[in-house]
*Asks:* 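This structure is in structure tokens; I'll ask about it shortly.
Every value quoted in this text rests on a predicted model; they were computed, and no experiment measured them.
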Amino acid sequence: MTRQIRLLTKLSLYGMFGFNEFRHTRDGKKKLRFCLMGALWVLLILMLAGYVGLTSYGLTSIGMGYFVPAVLGMLVSLVTFFFTMTKAGPMLFDQRSYEKQVALPVEAKSIIVSRFLSMYLTDMMLGLVVMLPGMAVYGILQHPGLTFYLYGVLSVLFLPLLPLTLASMLGALI
């Protein structure tokens with residue numbers, strides 16, 4: 001069952017980010033469009049990381065550095081909630097892809113778990129983009145202990161879970 005979940009999650013992530021279509025298309029315009037969209041996404045990710053890093057720097061420079069971990073946690077939760085709410089309905093309840101996957105020799109539980117796992121992995125990547133620059137700036141300027149980094153790693157792993165659950169329920173209602 002874990003092999004099925006891993007393969008379905010991999011396929012879901014490839015489809016979500018368009019890797020399969022990019023790899024197998026022969027149309028030059030589509031490849032160029034994918035490359036330009038990838039460059040745009042990289043630019044947006046760098047901008048988000050820069051804003052978070054500068055916010056952390058600003059808070060520590062005015063003497064409010066002790067708020068940085070709380071602000072980062074709140075920011076990860078809000079960003080995860082917003083993006084999960086917008087993609088929960090199409091990702092979890094897409095009937096066409098479910099009908100395609102049910103025909104495969106996999107269990108229905110594997111399909112459901114793989115959908116939630118792919119949403120969790122995308123939310124965790126988004127959380128990393130928010131947490132890493134802020135934690136790096138805070139670590140350089142405040143010199144916290146080793147427990148800060150341990151809690152930071154744990155928060156990156158577990159912070160997206162509650163907003164993921166709440167946004168999935170809200171997305172199901174919508």
*Asks:* Taking everything shown except Lys10 itself, do over 12 heavy atoms lie less than 6.0 Å from its NZ?
*Replies:*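 Check fails, neighbour count at 12 or below.
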
*Asks:* Ignoring hydrogens and angles, tell me if any N or O in the side chain of Thr25 forms a donor-acceptor pair with the backbone of Phe22 under 3.5 Å.
*Replies:*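 No, the answer is negative, given that no donor and acceptor are paired below the 3.5 Å cut-off.
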
*Asks:* Does the pair Leu170 and Phe81 meet the rule for a side-chain contact (heavy atoms from CB on, under 4.5 Å), with working shown?
*Replies:* CA-CA 10 Å; Leu170 190 62; Phe81 180 78; 3.9 Å; yes

*Asks:* Search all heavy atoms of Leu72 against all heavy atoms of Val130 and return the closest pair with its distance.
*Replies:*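 Looking at all heavy atoms of both residues, the shortest contact is CD2-O, 3.9 Å.
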
*Asks:* Give a yes or no answer on whether the side chain of Thr80 reaches the backbone of Ser77 with a donor-acceptor pair at less than 3.5 Å.
*Replies:*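 No, because the side chain of Thr80 does not come within donor-acceptor range (under 3.5 Å) of the backbone of Ser77.
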
*Asks:* Closest heavy-atom contact between Arg23 and Lys31?
*Replies:*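 It is O-NZ, 4.3 Å.
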
*Asks:* Would the distance check show the side chain of Ser12 and the main-chain N or O of Leu8 forming a donor-acceptor pair, the cut-off being under 3.5 Å?
*Replies:*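 It does not hold such a pair.
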
*Asks:* Other residues, nucleotides and ligands only: do more than 12 of their heavy atoms fall within 6.0 Å of OH on Tyr14?
*Replies:*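 Open.
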
*Asks:* Kindly write out the residues that satisfy side chain to side chain contact (heavy atoms under 4.5 Å, CB included) with Met125, not counting sequence neighbours, or none if the list is empty.
*Replies:*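 Residues passing side chain to side chain contact (heavy atoms under 4.5 Å, CB included) with Met125: Phe17, Thr122.
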
*Asks:* Which donor-acceptor pairs under 3.5 Å do side chains of residues 142-164 form with protein atoms, sequence neighbours excluded?
*Replies:*
residue	atom	partner	partner atom	Å
His143	NE2	Ile140	O	3.4
Ser155	OG	Tyr151	O	3.2
Ser155	OG	Gly152	O	2.8

*Asks:* If you look only at distance, which donor and acceptor atoms sit under 3.5 Å apart when one is on a side chain in residues 60-68 and the other is two or more places apart or in another chain?
*Replies:*
residue	atom	partner	partner atom	Å
Thr60	OG1	Ser56	O	3.0
Thr60	OG1	Tyr57	O	3.0
Ser61	OG	Tyr57	O	3.2
Ser61	OG	Gly58	O	3.0

*Asks:* Give the minimum heavy-atom separation between Pro133 and Leu128, together with the two atoms involved.
*Replies:*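 Taking Pro133 first and Leu128 second, the nearest heavy atoms are CD-O, 4.0 Å.
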
